[in-house]
Amino acid sequence: MNLTLHVWRQADSDARGDFETFKISDVSPDMSFLEMLDVLNEGLISEGSEPVAFDHDCREGICGACSLVINGVPHGPQKATTTCQLYMREFDDGQAVWIEPWRVGAFPVVRDLVVDRSAFDRILQAGGYVSVRTGAAPDGNTLPVPKDVADRAFTSATCIGCGACAAACPSSSASLFVAAKISHLGLLPQGQVERNSRVRMMLAQMDGEGFGHCSNHAECQSACPKEIDIGRIARMNRDLYRSFVRRT
Amino acid sequence: MPGAPLLTRDSEMPGAWSYSVMRKVAMAISGLVLVAFLYGHWAGNTVLLSGEQAFNDYLDWLRNHPILHYGVWIAIALALLVHVAVGPRHWLTNRMARPRRYRKRKLQATTWAARTMMASGTFLLIFLGVHIAHVRGWLVFDDTTSTFQNLRAGFAYWPVLTLYVVAQVALALHLYHGLWSQFQTLGLHHPRYNHLRRPFAFLVGAGLAILNIGLILLNTGAGQQLIGSAT
Amino acid sequence: MISDLNANEPTGPLENRWTRHRFDMALVNPANRKKYRVIVVGTGLAGGSAAATLGEMGYRVKSFCFQDSPRRAHSIAAQGGINAAKNYQNDGDSIWRLFYDTIKGGDFRSRESNVYRLAEISVNIIDQAVAQGVPFAREYSGLLANRSFGGAQVSRTFYARGQTGQQLLLGAYQALNRQVAAGTVTLHPRTEMLELIVIDGRARGIVTRNLVDGSIESHTADCVVLCTGGYGNAYYLSTNAKGCNTSAAWRAHRHGALFANPCFTQIHPTCIPQSGTYQSKLTLMSESLRNDGRVWAPLHTDDSEADPATLPHDRRDYFLERRYPAFGNLVPRDIASRAAKEVCDQGHGVGPEVNGRRLGVYLDFSEAIEQMGEARIRERYGNLFEMYERITGESPYTTPMRIYPAIHYAMGGLWVDYNLMTSIDGLFATGECNFSDHGANRLGASALMQGLADGYFVVPYSVGNYLARHEPNSVPGDHAAVNSAVTAVRDRIERLLNAPDPQHPPEYFHRKLGQILWDNCGMTRDPVALREALARIPPLREQFWREVKVTGSGETFNQTLERAGRIADFMELGELMCIDALDRNESCGSHARTDHVTDEGEARRDDENYSYVAAWEFSGDTSSPNLHREQLRFEFVHPSVRSYK
């Protein structure tokens, strides 16, 4: 099939940037979206132009590197799917495809479709962990964790840190990302000791990074490739005000 | 490198109100106070239908219960203050958090009500000013000094009536998102009851608007005729 | 045969070796640790855990990764699980059994002391991960659940649905984050190591390129730890992430670090078959699928397009169950892979034709769904089934999956001694990047175990032991060795950007190299094919340097330049893989030489002549490396013939 691509091009974080239009033909429906861009890029290199920069790595939907807004939706039209797992059979012959980077002030553009998501790392550095020394752990079966609690913790822990939640959010909020980690650790017995300080430090860091504030649009859970739900955000909010009321 | 310096355990932790989440908690609570007030306000104002004397008696009764009267006044003034202090601030931060907008945007989940909170809120604030001026008699539609008569005269004037009705629609929209949103903000989340949150917001928001519009319409000439023919 | 490498193994009873060795190791006074600087390259399970633990001990650590965040290292993609000899299932597991299974699974080409230590440490890893909040699967009792995995006859595999690697990596990443907050670890994301700095025979630092602005920087330290993963991407198509590369290890190799057993590359039997020539990578489906799925191919070649859901049982060939009745669908990876290849080579393959061949066999869950119900299967494999459906457009709940083997893991890597130190003083290698524990073939769910064992529990001790014998001292930034390393990096980038006759993008050459390696040094090897590969790779490499076309400049974010540099190193490693495969005149583990098979067609090992680790030294000429041998001594197990019949 043939497609018209409108791709965001920006030389670096200071550049203004604009869309560039490409025609691409002979796209196979069994290609992944990124393979389609690979083909485009190899053509660009062959003709001596600079290829389109985009983040990608594992190409199996788990590393969280890929980050394209495709026709106005982070990770494209297919639900619960990262860009790298999106296949061209989801598109129609002759379709125009707009490809933009995550547009979040806290994620400055590095080049073209590549953004800097180090703000997410700093939020987790502020408290997204259990302070356990290597070698100091008791036997793994010392603390039983009810299966449903463990399953819920796991569901929250499946966040891949891609940033689609903030990219989708009309307010550019990182709440779903932060809430996922707070729920993951806050549900488990191992995470209880630092539960109060964790939510306070991570949320303070989140606010400091320049994200917007959650306005409960629920766009994040629609965009999340791992389908993490906004119930996590409710839980995080409760954890925060609870932290001002009672000590753990 | 962009972004904020990393907070560590040695950093001084911010106070409660510097957290956006805590400000939103305040927003939710103040919103709930205002909704509760508006329902009470509607219930009290049903006396308008019983005529001028009943209405004046009601006003006297309020004046004779200063603790209730001024307590309510202070509560809603504070709630309004919080609402007005937080809402626009967050709205502004949110706009600045995305310096460059998307060329293409396809929203998946949000509602029109949610995206127009700032607009509906601003409109409601302006309406509130008009409404207070109307009730206080700063805006005069009748040559008597009677609040009752001035209210009825206002409702009889179509631009005022339209403003009142449109304001109720804006209120319904504002509450539809606001009342749903407060469940999330206050952490009221339970898989068994989550499906009731949206209908609750709709019923309470639209219900209030319908009750108010009904009351207003019954206080117009046509409404009075309707009541007259019914009794 | 003479062993000319000293692995610094402890002696005495196997069970006491690690304990004794730890006691014998020198310690650095806690107050002095902050005077030492350690560079850790890579942030996967091995690198993340090593950097976190070294930071926690008080050393000043610099951690590097080419990804935009440490959390994206490719360990994240491991699906199945992690082994540990906990014996929670009371099914007869023990440290000794895990040790024995690992040695046997590696076809007796690994070092007893290392493997025993790995099995011993395995139990601590689970405890550590649980304490970090890794949400392992649990039973209704609330206690940890286990499953049997890839050829093991005990249930010793801990798992977190199909995302065990992700959860363990996030655990290590969180531990790393904690140290970043504590100020002991400095992160350098989007920074790629391009050269090793060796001064007076000691590894003293690295030269990196900042991938955002292209700046070339040198970093010096008291020792360097490489945790840079495997080289499966030499084959172009593999289950590795696109960025996985051998450059850090290869740079070290060119400085004198020996590269061990490069021909030992593992094929994973359960991957999604290739759909076309544009394919950029192959996707692995956890091998845990073989626990409940049955592998078959049509018995008659003319049934290749028949509907698999309705094809009668007597026209199906459940070839693994037929050939290996004791283990059936759970035979080790290499055996399952070769069996699938043979079936397809005989024309029984299914799926779309690519280059005139159908490369795929069925993995069928219909009976498992019938017996256990769809809900149970969904709980176990839901995310894998979804992934399969997204990629192929077919639902495994109704149609059998199609699978085909793909390159997955590299058992070979930098040669290290018992302390995980390479042949360069002060240069350590951990995780997949070293060769140490898996011999000629790795057992399922053992890669995560090794990465974390090395990072949390081995290298922190051995780095301390090394540093305790050296005064902390800083290398001046303008030291001649630093300058020459920086110059070498700059020159190489210039060469890549300014090929004399630029014609093709780097991938063009990578695909060609990959095809040569897959055809000649892939699932099966023979001397003729290997010699052919050795004849074709050097000219391809020359062509690459002459005709590679890299657009853009070195001073900006330039992904083409990044890839070109990595491919250039694969061009050299690929040749060494073939040299090693040709040298090893036996079949063992993943290394299947068609000229070394038994009368029954099974692999024939040659313990008399090849019970050694082949450790190759760079001679200055890529095509003629020097071979060093580390003779393997089996004091506690007796090499037996693997039989899974």
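Side-chain atoms are counted along with the backbone in the values below, which use heavy atoms only and exclude waters and symmetry mates. Just so we're on the same page: letters track the sequence lines, and every chain starts at 1.
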Measure distances from Q179(C) to the heavy atoms of chain A and classify the residue's part below 4.5 Å as side chain, backbone, both or neither. neither
Of the backbone (N, CA, C, O) and the side chain (C-beta and beyond), which part of L176(C) lies under 4.5 Å from a heavy atom of chain A, both, or neither? neither
Go through the atoms of T392(C) and report whether side chain, backbone, both or neither lie under 4.5 Å from a heavy atom of chain A. backbone
Ring-face cation of R566(C) near F66(C) (centre distance under 6.0 Å, axis angle within 45°): yes
Tell me, for E562(C) versus chain A, whether the close heavy atoms (under 4.5 Å) come from the side chain, the backbone, both or neither. neither
Quick check against the 3.5 Å criterion: does T142(A) have a side-chain atom that pairs as donor or acceptor with the backbone of P138(A)? no
What part of F457(C) gets within 4.5 angstrom of chain A, counting heavy atoms only: side chain, backbone, both, or neither? side chain
Counting neighbours of CG on D93(A) that are heavy atoms of other residues, nucleotides or ligands and sit closer than 6.0 Å, is the number greater than 12? yes
If the plane angle is over 60° it's perpendicular, under 30° parallel, otherwise tilted; pick one for Y508(C) and H504(C). parallel
With a 4.5 angstrom heavy-atom cut-off, is it the side chain or the backbone of E56(C) that approaches chain A, or both, or neither? both
Which answer fits Q128(C), side chain, backbone, both or neither, if we ask what part of it has an atom under 4.5 Å from a heavy atom of chain A? both
Report which part of T560(C) has an atom under 4.5 Å of a heavy atom belonging to chain A: side chain, backbone, both, or neither. side chain
Which portion of T556(C) sits near chain A, non-hydrogen atoms under 4.5 angstrom: side chain
Does the side chain of R195(A) come within less than 4.5 Å of V199(A)'s, by heavy atoms? no
By a 4.5 Å heavy-atom criterion (distance strictly below it), what part of E379(C) contacts chain A: side chain, backbone, both, or neither? side chain
Where on S275(C) is there a heavy atom nearer than 4.5 Å to chain A: the side chain, the backbone, both, or neither? side chain
Answer whether the closest heavy-atom distance between the side chains of Q10(A) and R16(A) falls below 4.5 Å. no
In chain order, what residues pass the ring-ring contact (aromatic ring centres under 6.0 Å, His included) check against H74(C), with sequence neighbours excluded? none
Counting only non-hydrogen atoms closer than 4.5 Å, does L170(C) touch chain A with its backbone (N, CA, C, O), its side chain (CB onward), both, or neither? side chain
Report which part of E507(C) has an atom under 4.5 Å of a heavy atom belonging to chain A: side chain, backbone, both, or neither. side chain
Side chains of S238(C) and N233(C): donor-acceptor distance under 3.5 Å anywhere? yes
